[in-house]
Amino acid sequence: MSLLLPGVHVPVDSPVHRLDPRLKMVVALVLMALPFAAPGVMSSLLLVAAIVAIARLSAAPLRALLGTLRTVFWLGLFMFFFYFFTTPGQPLLAWRGVAVTWEGTVRGAVQIYRLCLLVIISSLLTFTTSPGQLAQGLEASLRPLSRVGVPIRELALVLTIALRFVPTLVDQVDKITKAQRARGADFHSWKPWQRVKAWVPIFVPIFVAAFRRADDLATAMEARGFRGARRRTHLRELSLTREDLVAAIVVVITVLVVLTVDRSPNLGARPHLGPAALTAAQPTQHRALEDDSCY
Amino acid sequence: MLKDRRNSSIRRRLSTHDLAVAGVFGALAIVLSFTPLGLIPLPNPTEAATSLHLPAIIAGILSGPVVGAMVGLVLAVSSWYRFGATFITFADGNLLVALSAAFLPRILIGVAAYYVYRPLRRWPALAAGASGLAGTLTNTLGVLGLLIWLGALPAALLVPVFSMNVPIEALLAVVVTIPTVAALRSVARQGVAGAREHEE
């Protein structure tokens, strides 16, 4: 059984790999919000250029990076056709009451561009940060919540155990599935009830096997002297370096430029990619007519 | 003082066994998220029913609401890893809406399953079935309902999803939860948390 991973960590030595995982997580979230906050053409081009630069700096394999887009292919297609047929505007084609509009075409394309950009950004994060670093970064970022009773250290331990046991459980799930198939389980019946019933002999042994593993793990942890997640320490403690500071300054400047480039008076009014701009484009003519009528 | 007491009470309730159960069932949630087993092909209009939430339901019944919430959180993190871009696109770039819809319902799956199991614990099969149903509704209606409530999706979407996906996902959860809980009741040395008399 193979894992359908969108982007697997590539352990190479690059400036982006060396950055603090907390910084990378925050930057990824900020960059993910940017295509929506700055929908202009110039800002979109700048954002794409910035992401290409990060990809080059991180030495991410281009083919694998673009390959991650396959995970959202069907969703992207669905979104495009959803906006293609449901956005009102000037009809390009009309057939039996179903109209395709110019606005719908542009809006669908914009949503696909955003989805692709978001997938590339999250893949860059996972390409350059190992699951262990991500768990440690998540723990450090959420630590303030422990003051209001959220068991953050315990959560980090749970996440670490979960990541450690993924390959073991994939193997076990694969064996159980193959064993039940060999016993003649019918997963292709047309009757929903028959098909749901066929999955029961797969899931029940999987859960029982997982519980037995947890039982063994708890015994092993206590035998090795585990006395609660509170006293747990890390081999490498996270600390912000000068490289992190420089990267943070560069990101802040880039974000400010992307946010302001389309609003700059020297550059004049810029066309927007966002749906708001599309809906705003139509009433402009009406407003002009209303202004004329005032005279 | 009160805060310290609350923190320590959560920690005291989390034994090494609870942490191990949360970790291994969390791993199972990740495995289901990234293998075809998480989206079972079934003859309904969307051609698939999710089984990703089952580990959170079972963990909630087995080891209590905190462990159920932890497995739900691991599920939410792995789901965000795979579908975060989709959530942000649906929420039109509003990170708070996307994060709330992706995390809150998943964290509540195991909690809902535990609190539905406890009052019905004298009838284990009924309790397990009702917990499976409650967990499924918390997941599906929670994610979609939050996206609709926060204005990220049109309300008209709730009716087709409710009529197409929810019945078959609920059926799958009920049919899997009943025998699984029965099997785990005989395997677990310390019993099932949802069925213990002394728990709150």
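Letters A, B, ... mirror the listed sequences (proteins, then strands); counts begin at 1.
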* Min side-chain heavy-atom separation A:Leu155-B:Leu73 under 4.5 Å -> yes
* Structure fact -> For A:Leu169 and B:Val24, the nearest pair of non-hydrogen atoms, with its separation, is CD1-O, 3.5 Å
* Asked: To the nearest 0.5 Å, what is the distance between CG (B:Leu172) and CH2 (A:Trp199)?
  -> 9.5 Å
* When rounded to the nearest 0.5 angstrom, what distance separates CE in A:Met221 from OG1 in B:Thr16? -> 6.0 Å
* To do: Evaluate the side-chain contact (heavy atoms from CB on, under 4.5 Å) criterion for residues A:Phe36 and B:Ile88: first the C-alpha distance (whole Å), next the side-chain angles of each, then the deciding distance (0.1 Å), finally the verdict.
  => CA-CA 9 Å; A:Phe36 300 90; B:Ile88 296 174; 3.6 Å; yes
* Might you point out which heavy atoms bring B:His17 and A:Ala218 nearest each other, and give the distance in Å? => CA-CB, 3.7 Å
* Nearest atoms (heavy-atom pairs only) where B:Ala27 meets A:Ala162 -> CB-O, 3.2 Å
* Passing option when B:Val31 is tested against A:Thr168, A:Asp174, A:Val173 for side chain to side chain contact (heavy atoms under 4.5 Å, CB included) -> A:Val173
* **Distance, nearest 0.5 Å, that separates CD of A:Glu154 from CG of B:Leu19** => 6.0 Å
* **Atom of B:Ile30, atom of A:Leu163 and distance for their closest heavy-atom approach** => CD1-CD2, 4.2 Å
* Output the distance between atom OG (B:Ser51) and atom CD1 (A:Ile202), rounded to the nearest 0.5 Å. => 11.0 Å
* Asked: Heavy-atom distance under 4.5 Å to chain B: side chain of A:Leu138, backbone, both or neither?
  -> side chain
* To do: Start with the C-alpha distance between B:Leu54 and A:Phe207, add both sets of side-chain angles, then the distance that settles side-chain contact (heavy atoms from CB on, under 4.5 Å), and finish with yes or no.
  => CA-CA 9 Å; B:Leu54 294 179; A:Phe207 282 117; 3.7 Å; yes
* Part of A:Arg164 within contact of chain B (heavy atom distance under 4.5 Å) -> neither
* Exceeds 12 heavy-atom contacts within 6.0 angstrom, atom CZ of A:Arg70 -> no
* To do: Compare all side-chain heavy atoms of A:Phe203 with those of B:Val175 and state whether any distance is below 4.5 angstrom.
  => no
* Between B:Val67, B:Val71, B:Leu32, B:Val74, which has the largest tally of heavy atom pairs under 4.5 Å with chain A? -> B:Val74
* Structure fact -> Heaviest contributor of heavy-atom pairs below 4.5 Å to chain B, chosen from A:Leu217, A:Leu115, A:Leu134, is A:Leu115
* Structure fact -> For A:Val208 and B:Leu184, the nearest pair of non-hydrogen atoms, with its separation, is CA-CD2, 4.0 Å
* Against chain A, work out which of B:Leu99, B:Leu28, B:Thr177, B:Asn94 has the most heavy-atom pairs shorter than 4.5 Å and name it. => B:Leu28
* Shortest non-hydrogen contact from B:Gly23 to A:Ile161? -> CA-CG2, 3.7 Å
